[in-house]
Peer 1: 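Please read through the structure below; I'll follow up with questions.
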Amino acid sequence: MQEQYIPADVEAEAQQYWDANQSFKVVEDRSKEKFYCLAMFPYPSGKLHMGHVRNYTITDVITRYQRMQGKNVLHPMGWDAFGLPAENAAIKHNTAPAKWTYSNTDHMRTQLKQLGFGFDWSRELTTCKPEYYKWEQWFFTRLFEKGLVYKKMSTVNWDPVDQTVLANEQVIDGRGWRSGALVERKEIPQWFIKITAYAEELINDLDKLPNWPEQVKTMQRNWIGKSRGLDMHFDLAVPVGEFTGFDIYTTRPDTIMGVTYVSLAAEHPIAKLLAETNPKLTQFIADCKVQSVAEADMATMEKAGMDTGIKALHPITGEPVSVWVANYVLMDYGSGAVMAVPAHDQRDYEFAKRYGIAIAQVIAPAASSAEKIDLAKAAFIEKGVLVNSGEYDGLDFNAAFDAIAGTLEMADKGQVKTNYRLRDWGVSRQRYWGAPIPMYNLPEGGEIAVPAHKLPVLLPEDVVMNGVQSPIKADLEWRKAELNGRVVEKETDTFDTFMESSWYYARYTCPNFEGGMLDKAAADYWLPVDQYVGGIEHAILHLLYARFFHKLMRDEGLVTCDEPFERLLCQGMVLKDGTKMSKSKGNTVDPEELINQYGADTVRLFSMFAAPPEQSMEWSDSGVAGGHRFLQRLWRAVEGHINAGKPGKLDAANLPQAQKDLRRKTHETIAKVSDDFGRRQTFNTAIAATMELMNEVSKLSDRANLQGLAVEREALETAILLLAPIVPHISQSLWKALGHKQIPLNESWPKLDESALTRSTIEVVIQVNGKMRGKLDAAIDSPKDILEQLALEQENVQKFLEGVTVRKIIVVPNKLVSIVAN
RNA sequence: GCCCGAGUGGUGAAAUCGGUAGACACAACAGAUUUAAAAUCUGUCGACCAUUGGUCAUGCCGGUUCAAUUCCGGCCUCGGGCACCA
């Protein structure tokens, strides 16, 4: 074997071997248990960053570990290739988005190979290719036929100078990022998919995912936001044009007697109609439109409103209440109107204080509650007992809900309703670099789906980007189409890129299938994904859309299971300067330099060692060198061992104590690392445990005799196999140097020898009044009374028992004795 | 603003089911080796006091417990998401 560890040589050799032997290519094989391990595919932004390295190292470690468990492991890779950055780069570099994208995927593919990730490259997907998006278009037309797709007016950010729609990211402090103009809200017709039709199933099936982080399930539950409330109708005192009233939804019907005003969205039809004859209101509505549509902006902006002067009639008392138009009420949510109860809603409270509207208390803290109410300072938002509510006085929330719902239902003015916060998925984008929405617009209005034989609707790749208008919107020729002799026009909006990432995991099972969206046999063999790994930033949107799409595909008969991802690991963010690394922030760290300096194994080792995978980590280069030194020590240890001669056959029963200790450490490490890789998925502690083993090897090994060499051989071989998923290149070289014909990837995971774990004594800690005052070595499984006695005999313990009486002794076998005394 | 997390030595972290706080590393310092440096090896390494040992210490305040980094309540700071960044 080479005396020196030269990563470049070691890694080239291993990678060539995997390439030549197609080590990671898999096919359906019913004789083996399958394991589908998937990493969230990258957006091809140019170069890999440390977040990618972390993500793909995790899946590669799991892939190789499962492979060594004897499973048939699928680990695919591809490119989430449509998206906004390609358009920006194309403008900047005067090229076409397609060209830029393909050159990035070529470069990043090379980088992924350099890192030694075991992907089945025969399944590589690129979402901007027609072979992929054709099926997405086809599926959309199926959803359209099923009535799960519709078109409606919806609000976008509008840059009045550039005359273009802006993404939320392109709105900075309320202004367009290029023009600097104040952004306006604009309503345009857009396509939606009815995710709300699946809200109930999406929330319920979270309970079928025991191997998802609780945190992610909670976020999704809150996002879907199921609530029980009341739809209510308010009549207008005097009709406004054709409108005699409007609907609102509330989850707090118990507060209805405290309603002192109602608010309409600026885009509400009643508000619009009133504005026609009210110039002040026209101005106010215009002012409301100057702001971004992002929810965070809506929630943090200053609340403003204007009294319209008209009155609505309280649905129970018939009393008139004033009707306001408010900037925080959104037309896209619910009915675009809300009832306001200043005494019991903090936002309404602040609004009422600002505009001098009455604050009427109708809820008092329950007798049993410690809550305090002080309406001079803040709203009381807890549930309690009704007061000042006439016949409902004294009722608690549930009783009041039922009574008030009953009254309103009888009067035909209200109805109990389950509502969801979740809104239908708007999939239209007014951008070029996306999959064209497969619809024909008819000259007389209306639209029809592009029939299957006309799919895909191809996106031209050879275009010039001017930065303002989408090339397909500008291209009148492209828009032209005919259907059965009729002249029609192609839709020029493209799909949200979440569409592509919502089903790629399924397409990996049959990436080259031409007969349909999915090959059912392949999909049924591989799905669900056994392990999905990706950034926590995708906890809601991507993971919810993918779950939704899976259910849509199931109902189309394309897949069989109910959920796409059996187990989920959300890696923490790799932060730089305390914030998310991203191209737009320009704070990415390029792993390439580190690979050149130390090799891929060191980069992989360090990225796994630095922190547990779910924790966010602040990137720093220091520490990488330490990982490299560990690999060098490992190399030297194996080299020294080989030079020391051939070991004898291990006689485990007749070893000196030091050698027994080393064997025990070896097998304890197998147990620890197996648990860390399989159940816990804490790769940092697995590495630490292996480092401990190597430290013990250097302390305890005895190369002077054949038995000592045999024990050392066992320890070193174990360490190599345990590390093989993390540092596959060096492991492969060292394994070969030790005379093995197979590569570690194709070896079985090390077997635990329970008999090596036995020990005769164990350290027991002694506490007096909760503080550690001594330790003792006791025979394993010593009875409680013996441990108590031994503990009380200890000199230091006695010192702390002087002058006090022992009240109680708690013994935790093989662990601790706790003495309570005073 | 709302939802979800996180906070432990100079640094990254460990403590898995409430039981020894700081495993394993990085950095630093000291020593060995070297003409010298690098590399390597050995040792020290939370703070304060001290003599073996003790006191304090896991963001802050409080609670439960024989025992709390771990459970509960309230706060602070930082990070992620908020539907057109992916």
Side-chain angles (χ1 to χ4, degrees), chain A residues 40 42-43 45 80 82-85 156-157 165-171 190 213-216 218-223 225 293-301 328 332 346-347 421-431 496-498 501 535-542 544-545 570 572-573 575 578-580 582-584 606 609-612 614-618 620 622-627 629-630 632-633 636 675-676 679-680 682 684-685 687-692 695 763-772 774-775 795-796 799 807-810 812 815-816 818-821:
Chain A
M40 288 180 188
Y43 177 77
S45 56
D80 188 13
F82 277 135
L84 194 53
V156 293
N157 298 309
V165 175
L166 297 176
N168 283 336
E169 194 191 46
Q170 298 171 313
V171 179
Q190 307 203 64
E214 218 40 65
Q215 168 196 5
V216 173
T218 304
M219 281 194 259
Q220 292 213 353
R221 256 182 223 111
N222 291 340
W223 183 262
V293 297
E295 192 188 296
D297 295 334
M298 297 291 296
T300 50
M301 75 188 174
Y328 63 84
D332 288 4
Q346 189 58 28
R347 192 173 59 180
R421 201 188 75 98
L422 182 68
R423 311 196 306 257
D424 276 337
W425 178 10
V427 295
S428 296
R429 297 294 180 268
Q430 296 69 45
R431 288 181 238 298
D496 177 5
T497 57
F498 276 122
S501 56
I536 185 67
E537 69 271 25
H538 296 293
I540 295 174
L541 292 180
H542 161 61
L544 189 64
Y545 290 140
C570 284
M573 315 275 307
L575 305 178
T579 182
K580 175 177 166 179
S582 77
K583 227 177 169 213
S584 54
F606 181 69
F609 184 56
E614 289 179 302
Q615 193 163 311
S616 63
M617 74 187 213
E618 168 71 27
S620 96
S622 78
V624 181
R629 282 202 290 272
F630 171 70
Q632 282 177 319
R633 277 199 298 277
R636 280 199 302 273
D675 190 41
D676 281 351
R679 178 181 65 90
R680 297 216 310 152
T682 50
N684 55 329
T685 51
I687 294 165
T690 316
M691 285 176 169
E692 280 185 50
N695 290 345
E763 189 181 69
V764 172
V765 166
I766 310 159
Q767 293 180 344
V768 179
N769 289 332
K771 297 206 164 142
M772 207 263 285
K775 294 175 183 177
E795 200 182 325
N796 198 48
K799 205 169 100 190
R807 302 289 174 191
K808 196 163 144 191
I809 301 179
I810 296 144
V812 182
K815 198 156 230 170
L816 133 155
S818 180
I819 301 164
V820 187

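Throughout, protein chains are lettered first and strands after them, A, B, ... in sequence-line order, and every chain is numbered starting at 1.
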Peer 1: NA contact type, A:Q767, heavy-atom cut-off 4.0 Å: base, sugar-phosphate, or nothing?
Peer 2: base
Peer 1: Heavy atoms from C-beta onward define the side chain here; which of B:A86, B:U16, B:C24 lies closest to that of A:D675?
Peer 2: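 In terms of side-chain proximity for A:D675, the closest of B:A86, B:U16, B:C24 is B:U16.
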Peer 1: Using a cut-off of 4.0 Å on non-hydrogen atoms, how would the nucleic acid contact of A:V171 be classed: base, sugar-phosphate, or nothing?
Peer 2: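 Nothing: the residue A:V171, judged by heavy atoms under 4.0 Å, touches no strand.
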Peer 1: For the pair A:N168 (side chain) and A:V293 (backbone), establish whether a donor and an acceptor sit closer than 3.5 Å, ignoring hydrogens and angles.
Peer 2: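 No; zero donor-acceptor contacts below 3.5 Å.
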Peer 1: How far, in whole Å, is B:C17 from B:U55 if one measures between their C1' atoms?
Peer 2: 31 Å
Peer 1: Ignoring backbone atoms, test whether A:K771 places a side-chain nitrogen or oxygen under 4.0 Å from the OP1 or OP2 oxygen of B:A68.
Peer 2: no
Peer 1: Please confirm whether the shortest side-chain N or O distance from A:K808 to OP1 or OP2 of B:C66 is below 4.0 Å.
Peer 2: yes
Peer 1: Looking at B:A27, which nucleotide sits across from it as a Watson-Crick or G-U wobble partner, both distances under 3.5 angstrom, or is there none?
Peer 2: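 Here B:A27 is not engaged in any pair, so there is no nucleotide opposite it.
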Peer 1: Tell which nucleotide pairs with B:A21, taking only Watson-Crick or G-U wobble pairs whose two distances are both under 3.5 angstrom.
Peer 2: none
Peer 1: For B:C17, does the O4'-C1'-N9-C4 or O4'-C1'-N1-C2 angle fall within 90° of 0, making it syn, or is it anti?
Peer 2: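 Syn conformation for B:C17.
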Peer 1: For B:C78 and B:C29, measure between their C1' atoms and round to the nearest Å.
Peer 2: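 Pairwise C1' distance, B:C78 against B:C29, rounds to 32 Å.
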Peer 1: Just call it for A:Q220: base, sugar-phosphate, or nothing, with non-hydrogen atoms closer than 4.0 Å on any strand.
Peer 2: nothing
Peer 1: Paired with B:A50: which nucleotide, if any, by Watson-Crick or G-U wobble criteria at under 3.5 Å for both distances?
Peer 2: none
Peer 1: Just how far, in rounded Å, is P of B:G81 from CZ of A:R421?
Peer 2: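 It works out to 15 Å between those atoms.
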Peer 1: Distance check, rounded to the nearest 0.5 Å: A:M40 atom CE versus A:H538 atom NE2?
Peer 2: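 NE2 of A:H538 is found 5.5 Å from CE of A:M40.
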Peer 1: Select base, sugar-phosphate, or nothing to describe what A:R221 touches, counting heavy atoms under 4.0 Å on all strands.
Peer 2: nothing
Peer 1: Output, in order, the C-alpha distance, side-chain angles, deciding distance and verdict of side chain to side chain donor-acceptor pair (under 3.5 Å) for A:D676 and A:T685.
Peer 2: CA-CA 7 Å; A:D676 281 351; A:T685 51; 2.9 Å; yes
Peer 1: Roughly, in whole Å, what's the span from NZ in A:K815 to C1' in B:U16?
Peer 2: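 For the pair A:K815 NZ and B:U16 C1', the rounded distance is 10 Å.
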Peer 1: Is A:T685 close enough to B:A14 that one of its side-chain N or O atoms is under 4.0 Å from OP1 or OP2 there?
Peer 2: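 So the side-chain polar atoms of A:T685 never come under 4.0 Å of the phosphate oxygens OP1 or OP2 of B:A14.
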Peer 1: Return the nucleotide paired to B:A14: Watson-Crick means purine N1 to pyrimidine N3 with N6-O4 or O6-N4, wobble means G-U with N1-O2 and O6-N3, both under 3.5 Å.
Peer 2: none
Peer 1: Rounded to the nearest 0.5 Å, how far apart are CD of A:Q767 and CD1 of A:I809?
Peer 2: 13.0 Å
Peer 1: For A:R636, answer base if it contacts any base atom (sugar-phosphate contacts may also be present), sugar-phosphate if it contacts only those atoms, and nothing otherwise; contact means non-hydrogen atoms under 4.0 Å.
Peer 2: sugar-phosphate
Peer 1: Categorize A:H538 for me: base, sugar-phosphate, or nothing, with a 4.0 angstrom heavy-atom threshold over every strand shown.
Peer 2: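 If one applies the 4.0 Å heavy-atom cut-off, A:H538 turns out to touch a base.
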Peer 1: Donor-acceptor pair, distance only, cut-off 3.5 Å: does the side chain of A:D80 make one with the backbone of A:S501?
Peer 2: no
Peer 1: If I take atom CG from residue A:D496 and atom CD from residue A:Q190, how far apart are they, to the nearest 0.5 angstrom?
Peer 2: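 If I round to the nearest 0.5 Å, the distance is 10.5 Å.
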Peer 1: Does B:A32 have a Watson-Crick or wobble mate here (both distances under 3.5 Å), and if so which one?
Peer 2: B:U40
Peer 1: Regarding A:V624, tell me which of base, sugar-phosphate or nothing describes its non-hydrogen contacts under 4.0 Å with the strands shown.
Peer 2: nothing
Peer 1: Would you classify A:I766 as touching base, sugar-phosphate or nothing, given that sugar-phosphate means primed atoms plus P, OP1 and OP2, and contacts are heavy atoms under 4.0 Å?
Peer 2: nothing
Peer 1: I want to check something: taking the side chain as every heavy atom from C-beta on, are A:V820 and A:N769 in contact at a cut-off of under 4.5 Å?
Peer 2: yes
Peer 1: In terms of side-chain heavy atoms of A:R680, which of B:C82, B:U16, B:C85 is nearest?
Peer 2: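 Side chain of A:R680 sits closest to B:U16.
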Peer 1: Please classify B:G9 as syn or anti, treating any glycosidic angle within 90° of 0 as syn.
Peer 2: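 Syn, which is what one calls it when the glycosidic angle falls within 90° of 0.
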Peer 1: Among B:G54, B:A86, B:C66, which is the nearest nucleotide to the side chain of A:N796?
Peer 2: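 Selected nucleotide: B:G54.
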Peer 1: Rounding to the closest angstrom, what is the interatomic distance between B:G63 and B:U58 at atom P?
Peer 2: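 Taking atom P in both B:G63 and B:U58, they lie 15 Å apart.
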Peer 1: What is the nucleic acid contact for A:T497, judged by heavy atoms within less than 4.0 Å: base, sugar-phosphate only, or nothing?
Peer 2: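 Sugar-phosphate contact only.
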Peer 1: Roughly how far apart, to the nearest Å, are B:U51 and B:U42 at atom C1'?
Peer 2: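 Approximately 28 Å lies between the C1' atom of B:U51 and that of B:U42.
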Peer 1: Could you report the tightest heavy-atom contact between A:F82 and A:Y43, atom names first, then the distance?
Peer 2: O-CE1, 3.5 Å
Peer 1: When rounded to the nearest Å, what value does the distance between C1' atoms of B:C24 and B:A15 take?
Peer 2: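 Those two atoms are separated by 12 Å.
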Peer 1: Just the table, please: protein N/O against nucleotides 57-59 of chain B N/O, every pair under 3.5 Å.
Peer 2:
none

Peer 1: Tell me which nucleotide, if any, is Watson-Crick or G-U wobble paired with B:G9 when both distances must be under 3.5 Å.
Peer 2: none
Peer 1: Report yes if the side chains of A:Q615 and A:N684 come closer than 4.5 Å at any heavy-atom pair, otherwise no.
Peer 2: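 No, their side chains stay 4.5 Å or more apart.
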Peer 1: Quick check: closest heavy atoms across A:I536 and A:C570, and the distance to 0.1 Å?
Peer 2: CD1-CB, 3.8 Å
Peer 1: Heavy atoms only, 4.0 Å cut-off, all strands: where does A:P612 land among base, sugar-phosphate and nothing?
Peer 2: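 Sugar-phosphate: the residue A:P612, judged by heavy atoms under 4.0 Å, touches backbone atoms but no base.
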Peer 1: Regarding A:T682, tell me which of base, sugar-phosphate or nothing describes its non-hydrogen contacts under 4.0 Å with the strands shown.
Peer 2: nothing
Peer 1: Could you run down the sub-3.5 Å N/O contacts of the protein with nucleotides 3-6 of chain B?
Peer 2:
residue	atom	partner	partner atom	Å
B:C3	O3'	A:N222	ND2	2.7
B:C3	O2'	A:N222	ND2	3.0
B:C4	O2'	A:Q215	NE2	3.4

Peer 1: Measure the spacing between CD of A:Q220 and CG of A:L544 and express it to the nearest 0.5 Å.
Peer 2: 4.5 Å
Peer 1: Check every atom of B:G19, B:C82, B:A25 against the side chain of A:E295 and return the nucleotide holding the closest atom.
Peer 2: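 Side chain of A:E295 sits closest to B:C82.
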Peer 1: Could you tell me which nucleotide pairs with B:G73 by Watson-Crick or G-U wobble geometry, both distances under 3.5 Å, or answer none if nothing does?
Peer 2: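 Base-paired to B:C61.
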Peer 1: Using a 4.5 Å cut-off on heavy atoms from C-beta on, say whether the side chain of A:V427 contacts that of A:F498.
Peer 2: no
Peer 1: With a 4.0 Å cut-off on heavy atoms, is A:F630 in touch with a base, just the backbone sugar-phosphate, or nothing at all?
Peer 2: nothing
Peer 1: Within the structure, does a side-chain N or O atom of A:N684 lie under 4.0 Å from either OP1 or OP2 of B:A23?
Peer 2: no
Peer 1: Would you kindly check whether a donor in the side chain of A:R629 faces an acceptor in the base of B:U40, or vice versa, at under 3.5 angstrom?
Peer 2: no
Peer 1: Does A:N769 put a side-chain nitrogen or oxygen below 4.0 Å from OP1 or OP2 of B:A67?
Peer 2: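 For B:A67, neither OP1 nor OP2 has a side-chain N or O of A:N769 closer than 4.0 Å.
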Peer 1: Paired with B:G1 by Watson-Crick or G-U wobble geometry, both distances under 3.5 Å: which nucleotide is it?
Peer 2: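 Partner of B:G1: B:C82.
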Peer 1: Hey, could you give me the CZ/CD distance between A:R221 and A:E214, rounded to the nearest 0.5 Å?
Peer 2: 6.0 Å
Peer 1: Quick one: pull up OG1 in A:T690 and CZ in A:F609 and give me the separation to the nearest 0.5 Å.
Peer 2: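 Answer for the OG1-CZ pair, A:T690 versus A:F609, is 10.0 Å.
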Peer 1: Using the closest heavy atom to pick a nucleotide of RNA chain B for each, name whichever of A:V765 or A:A294 lands nearer the 5' end.
Peer 2: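 Here A:V765 is the residue nearer the 5' end.
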Peer 1: If you check the A:M772 side chain, which of B:U20, B:A15, B:A86 turns out closest?
Peer 2: B:U20
Peer 1: Pick base, sugar-phosphate or nothing for A:L84, based on heavy-atom distances below 4.0 Å to the nucleic acid.
Peer 2: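 Sugar-phosphate, no base atom in range.
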Peer 1: Students often get this wrong, so: under 4.0 angstrom with heavy atoms, is A:A296 touching a base, only sugar-phosphate, or nothing?
Peer 2: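 Base, at least one base heavy atom under 4.0 Å.
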Peer 1: Quick check for you: among B:A83, B:C85, B:C24, whose closest atom lies nearest to any side-chain atom of A:A688?
Peer 2: B:C24
Peer 1: A:N695 has a side chain; which of B:A25, B:G80, B:A86 sits nearest to it?
Peer 2: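 Looking only at side-chain atoms, A:N695 lies closest to B:A25.
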Peer 1: More 5' along RNA chain B: A:F606 or A:R633, using each one's nearest nucleotide?
Peer 2: A:F606
